[in-house]
2 protein chains.
Amino acid sequence: MTYSSADFPPFAVTVDLTILTIRRNRLCLMLITRGEEPFRGDLALPGGFVRADESIDDAASRELLEETGLALFDGHIEQLATYGSPDRDPRMRVVSVAYVAFAPNLPDPVAGTDAAEAMWIEVDDLPSEMAFDHREMVDDALERVRSKLEYSTLATEFVEETFTMRDLQTVYETVWGTTWDRANFRRKVLATPDFVRPVVGRTASTGSRGRHAQLYRAGSATALHPPMLRA
Amino acid sequence: MTYSSADFPPFAVTVDLTILTIRRNRLCLMLITRGEEPFRGDLALPGGFVRADESIDDAASRELLEETGLALFDGHIEQLATYGSPDRDPRMRVVSVAYVAFAPNLPDPVAGTDAAEAMWIEVDDLPSEMAFDHREMVDDALERVRSKLEYSTLATEFVEETFTMRDLQTVYETVWGTTWDRANFRRKVLATPDFVRPVVGRTASTGSRGRHAQLYRAGSATALHPPMLRA
DNA sequence: TCAAAAGTGTTGAACATACACCCATGT
DNA sequence: ACATGGGTGTATGTTCAACACTTTTGA
């Protein structure tokens, strides 16, 4: 079959966002409560229609800002997968492109914005039933993020601009539910060239009781060879 | 923004296929020559419109059979990514969901079928210009397949149902352009539980001159821990 | 001075690499 | 018999996991 400029079935195209952050040492996910049918009252991923003149990536970025209420998002966003069963939306034929986004310390949803009905839910406390096929999207997103921790430097997207080795270790332990030997974790991170860069002359000076930790910034490396092990 | 059942912009949705196989120890890709505008005469990925009543995955499988001319495809197909720049098709707004498929020994395109204008191109011999954004899709597909070899048992999809260790090694060497020590490759494969299963009592009896190799089938393992190294 | 947290050292086990050697088969 | 390719053994170097130890800081 080849392209033809006539006689194609029309689809609506939406984006849906799985926005992940770590709050109080727990992996959390932004969900909204649907205010209208279908699935009124169910939890759903934030999202919306792709406009006629914007790219899908642009639509995802736009929705991300609208939903978080941020003026600028300094985390990471990437496309996850596209979902297009004929009956996934009972009203019409909708194809949805799902995205995953990560950032540290995202704020609580603020009343009076588009994010008013949004909330943070711990991923260990998700409802089994969600609107549309959003539960499937969430499972795929969690699989993606857990997998990417192993082979990429994604973990640095979950911490602030400067961070300690302990902060980074906590990301792995939170997302994977594992524990690591402190010394071996440090050596593994430092063994990857330019995974992290020490911030010269600065140490964490918060009210911590012990020795102040060296601060690091994310380096330019993206792939991990060898990968972090999932214990 | 929330869903609304009115006033959404209409999109055409297509699937595009990156079909990979190994022929004469070279990684090859199926391309077609476009017979109409736009991009008439350029090389393009096979693909077509998603129908009104089929899922996107079903559309990809349907196109795969049509393009290869096979009655049944026993390889592997998976979704790659979705491409939706507003101007990627000059005629209208088209969102395309790209898929990657792998199989051993796919036949030459046969005249008289939909695949008549299709051909196999070695990936080292690709044109820099392709129709639409198909060159970008191909680059993403190659990155995906090379990466998946490391962390998954995907390599078994490129060989016949039964295969020798040497066959499997050739897949890695062809896709990655590396060489391996025979003995160490074998030990690495066998170290992953149920990566491959020996076929009892059977050995390759083709006209090979040396000792007959043990035959294996793909096992049920999907992930590789530890991963194959990319040298 | 003590507790807490960061950072370093060390040791035995596991693994990877390179290569030598033996085995089975067709000519 | 011997060339050819499959399969196994092994010595050496490297990395990994566990945990003991030292350093720095706040109270």
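Quick note on labels: first sequence line is chain A, next is B, and so on, each numbered from 1.
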Taking the six-membered ring for Trp and the single ring otherwise, decide whether the centroids of Y172(A) and F185(A) are under 6.0 Å apart.
-> yes
So which protein nitrogen or oxygen atoms get under 3.5 Å of nucleotides 13-15 of chain D's nitrogens or oxygens?
none

Give one of base, sugar-phosphate or nothing for A191(B), where a contact means two heavy atoms less than 4.0 Å apart.
-> nothing
Judged by nearest nucleotide, the residue sitting upstream toward the 5' end of DNA chain D, R211(A) or D181(A), is D181(A)
Residues within residues 170-177 of chain A bordering DNA chain D, heavy-atom distance below 4.0 Å | none
Picking from dT17(C), dG7(D), dG7(C), the nucleotide nearest the side-chain atoms of L229(B) would be dT17(C)
Within the structure, does a side-chain N or O atom of R186(B) lie under 4.0 Å from either OP1 or OP2 of dT8(D)?
-> yes
Can you check the H225(B) NE2 to dC15(C) P distance for me, whole Å?
-> 15 Å
With a 4.0 Å cut-off on heavy atoms, is R166(A) in touch with a base, just the backbone sugar-phosphate, or nothing at all?
-> sugar-phosphate
Would you say the side chain of R209(B) and the base of dG6(D) hold a donor-acceptor pair, judged only by whether the two atoms sit under 3.5 Å apart?
-> no
Side-chain donor-acceptor pair present, Y83(A), D140(A), cut-off under 3.5 Å = yes
Between dG7(C), dG7(D), dT8(C), which one does the side chain of A183(A) approach most closely?
-> dT8(C)
